[in-house]
Amino acid sequence: MGLQDQKASEFKRLLKSFAFAWSGLMHVYRHERNFQIHCILMVLAIAAGFLLKISLVEWYMVIGAIAAVLSLELMNTAIERTVDLVTEEMRPLAKAAKDAAAGSVFVAAIAAFIIGMLIFTPKLIEFL
Ligand SMILES: Nc1ncnc2c1ncn2[C@@H]1O[C@H](COP(=O)(O)OP(=O)(O)OP(=O)(O)O)[C@@H](O)[C@H]1O
């Protein structure tokens with residue numbers, strides 16, 4: 001295989017991995033209500049960011065918070081699916097794994113809520 005062919009096949013592999021990631025996102029979006037709610041909150045936060053003209057540093061915080069919550073939601077679903085694949089029985093370790101994964105989303109969601117409050121509340125009061 002020539003260098004050109006090798007580069008083309010590497011590019012194809014990269015495209016495929018994006019397609020797999022997109023498929024994972026769509027799976028979680030279709031099946032997980034919490035993920036849908038967080039997506040709606042993301043759109044609202046981005047709209048509020050533009051409307052209230054938040055600073056660049058504030059954008060970093062908002063984008064970081066959104067990314068953390070959505071990524072952990074995706075990981076939470078990955079863990080739920082894996083646990084369900086391993087056992088359909090009720091087992092303490094399965095519960096611990098699922099609850100810990102849910103806890104990670106909860107921590108990020110609380111942090112995102114606090115960040116949102118700190119950034120948007122003063123600007124909203126000024127805006128109104
Ligand atoms: N195989 C299992 N063994 C023991 N406990 C489990 C098992 N599967 C789920 N649970 C527990 O039952 C509760 C409900 O879990 P379940 O996965 O059905 O819904 P959920 O956590 O609300 O998530 P989702 O609605 O996103 O599927 C959680 O506390 C979870 O840890």
Side-chain angles (χ1 to χ4, degrees):
M1 193 192 286
L3 190 65
Q4 210 63 17
D5 291 340
Q6 215 173 326
K7 273 189 183 163
S9 93
E10 262 172 35
F11 185 65
K12 261 191 199 164
R13 262 180 39 201
L14 185 71
L15 283 185
K16 258 192 187 170
S17 68
F18 284 143
F20 294 147
W22 182 252
S23 151
L25 267 171
M26 286 297 105
H27 170 85
V28 177
Y29 184 80
R30 268 188 235 112
H31 295 94
E32 296 297 324
R33 200 175 149 72
N34 286 349
F35 191 77
Q36 292 167 2
I37 292 169
H38 283 133
C39 285
I40 293 169
L41 292 175
M42 171 189 75
V43 171
L44 290 178
I46 291 172
F50 282 115
L51 188 71
L52 301 172
K53 296 185 174 70
I54 63 176
S55 72
L56 192 59
V57 174
E58 288 167 338
W59 272 117
Y60 294 153
M61 306 294 287
V62 170
I63 291 167
I66 290 170
V69 172
L70 294 184
S71 300
L72 287 170
E73 276 288 2
L74 290 161
M75 286 309 298
N76 180 38
T77 304
I79 288 167
E80 277 179 11
R81 297 292 183 273
T82 310
V83 169
D84 290 343
L85 193 64
V86 170
T87 181
E88 284 179 357
E89 289 165 34
M90 295 305 266
R91 300 173 90 160
L93 274 178
K95 180 174 172 51
K98 281 193 176 186
D99 291 353
S104 73
V105 181
F106 185 64
V107 169
I110 296 282
F113 177 75
I114 293 170
I115 288 170
M117 281 304 201
L118 290 174
I119 291 175
F120 292 119
T121 308
K123 290 195 163 48
L124 207 57
I125 290 169
E126 212 177 287
F127 183 79
L128 295 173

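Along the sequence shown, residues are numbered consecutively beginning with 1. Whatever order the structure lists them in is the order used to number ligands and atoms, beginning at 1.
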Practice task
Ignoring hydrogens, tell whether any protein atom lies closer than 4.0 Å to atom 18 (O) of ligand 1; use the non-hydrogen atoms only.
Solution key: no
Problem - Heavy atom of the protein closest to atom 21 (O) of ligand 1 (residue, atom name, distance) - result: Glu80 OE2, 4.1 Å
Problem - Side chain Thr87, main chain Val83, donor-acceptor under 3.5 Å - result: no
Practice task
Step by step, work out the salt bridge (Lys or Arg N to Asp or Glu O under 4.0 Å) result for Glu32 and Arg81.
Solution key: CA-CA 12 Å; Glu32 296 297 324; Arg81 297 292 183 273; 3.1 Å; yes
Practice task
Indicate whether atom 4 (C) of ligand 1 is within a distance of less than 4.0 angstrom of some protein heavy atom.
Solution key: yes
Fill in the blank from the handout: Note: ligand 1 atoms sitting under 4.0 Å from heavy atoms of Arg91 are 2 (C), 3 (N), 4 (C)
Exercise for the section: Starting from atom 8 (N) of ligand 1, locate the nearest protein heavy atom and write down its residue, its atom name and how far away it is, to 0.1 Å. Expected result: Lys98 NZ, 3.2 Å
Problem - Min side-chain heavy-atom separation Asp84-Lys98 under 4.5 Å - result: yes
Exercise for the section: Check if Arg33 has a non-hydrogen atom at a distance under 4.0 Å from any atom of ligand 1. Expected result: no
Completion exercise
For Leu14 and Ser17 the tightest heavy-atom approach is O-OG, 2.7 Å
Handout entry: atom 23 (O) of ligand 1 protein-contacted, heavy-atom criterion under 4.0 angstrom
Key = yes
Handout entry: N/O donor-acceptor pair under 3.5 Å between His38 side chain and Asn34 backbone
Key = yes
Problem - Polar atom proximity, Glu88 to ligand 1 (N or O, under 3.5 Å) - result: no
Problem - Under-4.0 Å protein heavy-atom contact, atom 26 (O) of ligand 1 - result: yes
Handout entry: Heavy atoms from other residues, nucleotides or ligands near CG of Leu93 exceed 12 (cutoff 6.0 Å)
Key = no
Exercise for the section: Using the rule that two of Ile, Leu, Val, Met, Phe, Trp, Tyr join whenever any of their side-chain heavy atoms come within less than 4.5 Å, decide whether Leu52 and Met42 are in one cluster. Expected result: yes
Fill in the blank from the handout: among protein heavy atoms, the one nearest atom 30 (C) of ligand 1 is Asp99 OD1, 3.4 Å
Completion exercise
the protein heavy atom lying closest to atom 7 (C) of ligand 1 turns out to be Met90 SD, 3.8 Å
Practice task
Using a distance threshold of 4.0 Å (strictly less than), state whether atom 14 (C) of ligand 1 has a protein heavy-atom neighbour.
Solution key: no
Exercise for the section: Taking only heavy atoms of Glu89 into account, list the atoms of ligand 1 that are under 4.0 Å away from them. Expected result: 1 (N), 2 (C), 3 (N)
Handout entry: Derivation and outcome, side-chain contact (heavy atoms from CB on, under 4.5 Å), residues Val62 and Phe120
Key = CA-CA 10 Å; Val62 170; Phe120 292 119; 4.1 Å; yes
Exercise for the section: Begin with the C-alpha distance, continue with both residues' side-chain angles, and end with the deciding distance and a verdict on side-chain contact (heavy atoms from CB on, under 4.5 Å) for Ile46 and Ile66. Expected result: CA-CA 10 Å; Ile46 291 172; Ile66 290 170; 4.2 Å; yes
Handout entry: Ligand-side contact atoms (ligand 1) for residue partner Ala94, heavy atom cut-off under 4.0 Å
Key = 1 (N), 2 (C), 3 (N)
Exercise for the section: Could you tell me the residue and atom name of the protein heavy atom closest to atom 11 (C) of ligand 1, and the distance to it rounded to 0.1 Å? Expected result: Lys95 CG, 4.3 Å
Practice task
Measure up the Phe50 and Trp59 rings against each other and bin them: parallel (under 30°), tilted (30 to 60°), perpendicular (over 60°).
Solution key: tilted
